[in-house]
Amino acid sequence: MIQWQNLDTLEAYKKLQSLKNLVSVKEELSGSQGAQRVKNYSVPMAAGLTYNYAAKEVNPQVLAILQELADEAQVTEKFQELYNGAVINTGENRKVLHHLLRGQLGNDVLFEEKNERDFYKAQIDAIADFAHKVHKREICNAAGEPFTAVVQIGIGGSDLGPRAMYLALEQWARTNNCLKMKAAFISNVDPDDGATVIANTDLAHTLFILVSKSGTTQETLANELFVKDYIKKAGLNPACHMVAVTSETSPLANNPEYLASFYIDDFIGGRYSSTSAVGGAVLSLAFGPEVFKDFLAGAHEADITAKEKTITHNPSLLDALIGLYERNIQGYPTTAILPYSQALSRLPAHLQQADMESNGKHVNCRGEKVDYVTGPIIFGEPGTNGQHSFYQLLHQGTDIVPLQFIGFKNNQNGNDIVVDGSTSQKKLCANLAAQIVAFACGKRDDNPNKNFTGGRPSSLIYGEQLTPKTLGALLAHFENKIMFQGFLWNLNSFDQEGVQLGKLLTKQVLAHKTEGALKEFSDIFEI
């Protein structure tokens, strides 16, 4: 029987507390056994990726207790409950089915006599058919001319994930001759965001995808009207340029104001929706449905590894457990995501939402306050840009920040030049390898200003090249890591009540129903 227990009630966690500062990563990697540790502390991931945790503060003793913790907390059993359709989102009384979007892991999941897997697959098939027709010029603008660009209008999970995934594959698609349509994104209700995108858009040949599950998202609907105004002023009919991604019960469903509508349901959280119609529509139009299917295949492959009970066979669970050890035992409040790939420039922003919105909770899945710290603060930038920005604090600041590096042996473009004896890609990878060791081992210097203490833990995910399949596997790895950490902390990682209060007060401001400090702040902007 599944037990939903707080972390601090678990016997393995009590054992783990006695292992604080047990391992010095500086000593482990600086010594004669450093090279062997790099080879030994490595786990295969899906789609040819590898997770290396040699620069983390763990050893066989810590790993053994982490295995005990995973077993006692029943995390893989809880994952099985999730993908078999249990109501895991207790705050909203909902199933959690984003894994079902990319492949069947367990039993059929039924809701009100509807097979959820069939429903999701039907939406992906409908998107594929629509995209093929657009690419074949069977669906055109009112003048019979082809659509050459696509703009997604959404916010939060309707923007961050799909935008990050598009940017991750844009160069790869261009190199492999499958960039069908250039994509752009409008998210911020700030009119300057929409105006900037539209200024660089050929409206007559652009499709707009409006993404709102409820059909009532304030920022998204405001941006839709903003865009429609531009379309009308250009002498065009918005209904010939708009596509909706929404729920079947929203005002946008089966609406004649849209060329087509594709559907998601309440079991797909926004921050987990990149593999749904939310990401599928824009990615299929931009790159072709076959590329999107490869992306889903990589995610499914990673989901299969997440079923493994042995943590060294389950990289997302291992990553989650090490992260918990760093947060709850070592006391590190922050984690940096550092992709050494410009294509992944928006991945840290997406993971910031996915992680902090999921596990930024102070009550457990029953609404009871917990007495231990939970989700870390997530931030990051691609290398080597970050090295010339916040790495100073990471190397010599007073806080230790765990680091998650991501890198690839080959770039996506295939073109490079040799400068000073090495290519740009080799220079990029050299920086990555150097940073891992610099953070871990440091450098002694009699000048305190040039002294590096080291002891800064990091992990590395690496592969041959960033492709649709490796991207899907990478995304699912982090989604599953977040899920496992939520299980360990006994949280509901699938609601987001923390975003609701601001929305409520915003409505009061716009309705001029304010007083006190809220009125004064509103008056500053003459609202």
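In this text the structure is predicted, and so the values were computed from the model without any measurement.
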Asker: Given side chains that start at C-beta, do those of Ile209 and Val245 come closer than 4.5 Å, heavy atoms only?
Answerer: yes
Asker: Can you list the residues that meet the side chain to side chain contact (heavy atoms under 4.5 Å, CB included) rule with Asp266, with sequence neighbours excluded?
Answerer: Arg94, Lys213
Asker: Please tell me whether Phe405 and Tyr462 form a close aromatic pair, meaning their ring centres lie under 6.0 Å apart.
Answerer: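 Judged by ring-centre distance (under 6.0 Å), Phe405 and Tyr462 do not meet the cut-off.
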Asker: Grab the two heavy atoms, one from Ile378 and one from Pro348, that are nearest each other, plus how far apart they are.
Answerer: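 Taking every non-hydrogen atom into account, CG2-O, 4.5 Å.
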Asker: Return yes if a side-chain donor-acceptor contact under 3.5 Å exists between Asn413 and Asn411, otherwise no.
Answerer: no
Asker: Has the side chain of Asp416 got a donor or acceptor atom that lies under 3.5 Å from a matching backbone atom of Thr423?
Answerer: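 Side chain of Asp416 to backbone of Thr423: no pair is present.
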Asker: Is the closest side-chain heavy-atom distance between Leu160 and Arg346 below 4.5 Å?
Answerer: yes
Asker: Do the ring planes of Phe379 and Phe390 sit parallel (below 30°), tilted (30 to 60°) or perpendicular (above 60°)?
Answerer: perpendicular
Asker: How would you list, by chain and number, every residue that makes a side chain to side chain contact (heavy atoms under 4.5 Å, CB included) with Lys307, sequence neighbours excluded?
Answerer: Phe79, Tyr83, Leu105
Asker: Tell me every residue that passes salt bridge (Lys or Arg N to Asp or Glu O under 4.0 Å) with Glu326, counting only those two or more places apart in sequence or in another chain.
Answerer: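 Glu326 satisfies salt bridge (Lys or Arg N to Asp or Glu O under 4.0 Å) with Lys56 only.
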Asker: Using a 4.5 Å cut-off on heavy atoms from C-beta on, say whether the side chain of Phe267 contacts that of Phe119.
Answerer: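 Not touching, per the 4.5 Å side-chain cut-off.
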Asker: Applying ring pair (Phe, Tyr, Trp, His ring centres under 6.0 Å) as the test, list every pair that has at least one member in residues 132-159; sequence neighbours left out.
Answerer: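 Listed once each, the pairs are Phe147-His241.
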Asker: Look at the side chain of Asn314 and the backbone N and O of Ala306, then say whether any donor-acceptor pair between them is shorter than 3.5 Å.
Answerer: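 Yes: the side chain of Asn314 pairs with the backbone of Ala306.
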Asker: Can you name the nearest heavy-atom pair linking Pro402 to Thr334, along with the distance?
Answerer: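 For Pro402 and Thr334, the tightest heavy-atom pair comes out as CD-O, 2.9 Å.
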Asker: Go through the steps to decide whether Leu82 and Phe487 satisfy the test side chain to side chain contact (heavy atoms under 4.5 Å, CB included), and finish with yes or no.
Answerer: CA-CA 11 Å; Leu82 181 150; Phe487 289 158; 4.1 Å; yes
Asker: Rounded at 0.5 Å granularity, tell me how far CE in Met181 sits from OG in Ser284.
Answerer: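 So the gap between those two atoms works out to 11.5 Å.
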Asker: Rounded at 0.5 Å granularity, tell me how far CD in Glu81 sits from NZ in Lys95.
Answerer: 10.5 Å
Asker: Side chains of Val243 and Phe262, heavy atoms from C-beta outward: is any pair under 4.5 Å?
Answerer: yes
Asker: Between CD of Glu224 and CE of Met242, what distance do you get to the nearest 0.5 Å?
Answerer: 4.5 Å
Asker: My understanding is that only residues two or more places apart in sequence, or in another chain, count here; which of them pass side chain to side chain contact (heavy atoms under 4.5 Å, CB included) with Thr506?
Answerer: Gln218, Leu510
Asker: Side chains of Asn359 and Ser493: is there a donor and an acceptor less than 3.5 Å apart?
Answerer: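 The criterion, which ignores hydrogens and geometry beyond distance, is satisfied for Ser493 and Asn359.
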Asker: Is there a side chain to side chain contact (heavy atoms under 4.5 Å, CB included) between Val291 and Leu283? Walk through the geometry before answering.
Answerer: CA-CA 8 Å; Val291 171; Leu283 296 179; over 6 Å; no
Asker: Applying ring pair (Phe, Tyr, Trp, His ring centres under 6.0 Å) as the test, list every pair that has at least one member in residues 273-312; sequence neighbours left out.
Answerer: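 Sorted result for residues 273-312: Tyr166-Phe287, Phe292-Phe295.
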Asker: Would the distance check show the side chain of Asp190 and the main-chain N or O of Asp192 forming a donor-acceptor pair, the cut-off being under 3.5 Å?
Answerer: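 Yes: the side chain of Asp190 pairs with the backbone of Asp192.
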Asker: Decide side chain to side chain contact (heavy atoms under 4.5 Å, CB included) for Phe478 and Ile406; before the verdict, give the C-alpha distance in whole Å, the side-chain angles of both, and the deciding distance to 0.1 Å.
Answerer: CA-CA 12 Å; Phe478 282 107; Ile406 304 167; 4.1 Å; yes
Asker: Closest heavy-atom contact between Ser158 and Val211?
Answerer: OG-CG1, 3.3 Å
Asker: Can you tell if the side chain of Pro376 reaches within under 4.5 Å of the side chain of Tyr332, non-hydrogen atoms only?
Answerer: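 They are not in side-chain contact.
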Asker: Please name the pair of heavy atoms, one in Ala234 and one in Leu203, separated by the smallest distance, quoted to 0.1 Å.
Answerer: CB-CD1, 4.1 Å
Asker: Check the surroundings of atom NZ in Lys427: do more than 12 heavy atoms from other residues, nucleotides or ligands lie under 6.0 Å from it?
Answerer: yes
Asker: Kindly state each residue pair satisfying side chain to side chain donor-acceptor pair (under 3.5 Å) with at least one member in residues 139-154, sequence neighbours excluded.
Answerer: Asn141-Glu145, Glu145-His205
Asker: Return the CG to OG distance between Leu428 and Ser422, rounded to the nearest 0.5 Å.
Answerer: 11.0 Å
Asker: Identify, with sequence neighbours excluded, every residue that meets side chain to side chain contact (heavy atoms under 4.5 Å, CB included) alongside Thr310.
Answerer: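 In terms of side chain to side chain contact (heavy atoms under 4.5 Å, CB included), with neighbours along the sequence ignored, Thr310 is linked to Gln67, Thr312, His313.
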Asker: Checking Asp294 side chain against Lys469 main chain: does a donor-acceptor pair fall under 3.5 Å?
Answerer: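 Judged by distance alone, no pair lies under 3.5 Å.
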Asker: Taking C-beta and beyond as the side chain, do Leu344 and Leu474 meet within less than 4.5 Å on heavy atoms?
Answerer: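 When only atoms from C-beta onward are counted, Leu474 and Leu344 do touch, with a gap below 4.5 Å.
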Asker: Is any side-chain heavy atom of Ile377 closer than 4.5 Å to one of Met356?
Answerer: yes
Asker: Quick check for you: to the nearest 0.5 Å, what is the distance between Leu338 atom CG and Leu347 atom CG?
Answerer: 11.0 Å
Asker: If only atom types and distance count, is the side chain of Gln123 paired as donor or acceptor with the main-chain N or O of Tyr263 below 3.5 Å?
Answerer: yes
Asker: Any side-chain heavy atom of Phe111 sitting closer than 4.5 Å to one from Leu97?
Answerer: no
Asker: Strictly by modelled atom types, are Gln485 and Arg327 linked by a side-chain donor-acceptor pair under 3.5 Å?
Answerer: no
Asker: For Pro289 versus Ala131, what's the shortest heavy-atom pair and its separation?
Answerer: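 Closest approach of Pro289 to Ala131, heavy atoms only: CG-CB, 4.0 Å.
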Asker: Check side chain to side chain donor-acceptor pair (under 3.5 Å) between Asp129 and all other residues, then give those that pass, not counting sequence neighbours.
Answerer: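 So Asp129 forms a side chain to side chain donor-acceptor pair (under 3.5 Å) with Lys133.
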Asker: Is the backbone N or O of Asn385 less than 3.5 Å from a side-chain atom of Ser389, with the two atoms forming a donor-acceptor pair by type?
Answerer: no
Asker: Going by the rule salt bridge (Lys or Arg N to Asp or Glu O under 4.0 Å), which residues pair with Lys426 if we only count those two or more places apart in sequence or in a different chain?
Answerer: none
Asker: Do we see a donor-acceptor contact under 3.5 Å between the side chains of Tyr120 and Asp265?
Answerer: yes
Asker: Sub-3.5 Å donor-acceptor pair from the side chain of Asn89 to the main-chain atoms of Phe494, do we have one?
Answerer: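 Confirmed, Asn89 side chain pairs with Phe494 backbone.
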Asker: Without swapping roles, check the side chain of Thr384 against the backbone of Gln387 for a donor-acceptor pair under 3.5 Å.
Answerer: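 A pair under 3.5 Å: no.
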Asker: Taking 4.0 angstrom as the limit, do Lys228 and Glu257 come out as a salt bridge?
Answerer: yes
Asker: Among all residues two or more places apart in sequence or in another chain, which pass the salt bridge (Lys or Arg N to Asp or Glu O under 4.0 Å) test with Arg174?
Answerer: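 Checked Arg174 against salt bridge (Lys or Arg N to Asp or Glu O under 4.0 Å); matches are Glu170.
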Asker: Taking all heavy atoms of Thr246 and all of Ala253, pick out the closest pair and write down the distance.
Answerer: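 Reported closest heavy-atom pair: CG2-N, 4.0 Å.
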Asker: Just by modelled atom types, is the Leu351 backbone N or O under 3.5 Å from a matching donor or acceptor in the Asp355 side chain?
Answerer: no
Asker: Verify, without hydrogens or angle tests, whether Lys309 (side chain) and Thr76 (backbone) share a donor-acceptor contact under 3.5 angstrom.
Answerer: no
Asker: Look at the aromatic rings of Tyr391 and Tyr340 and report parallel, tilted or perpendicular, splitting at 30° and 60°.
Answerer: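 Geometry flag for Tyr340 against Tyr391: tilted rings.
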Asker: Applying salt bridge (Lys or Arg N to Asp or Glu O under 4.0 Å), name anything that partners Asp303, two or more places apart in sequence or on another chain.
Answerer: Arg102
Asker: Within this structure, what is the CE-NE2 distance for the pair Met483 and His99, rounded to the nearest 0.5 Å?
Answerer: 4.5 Å
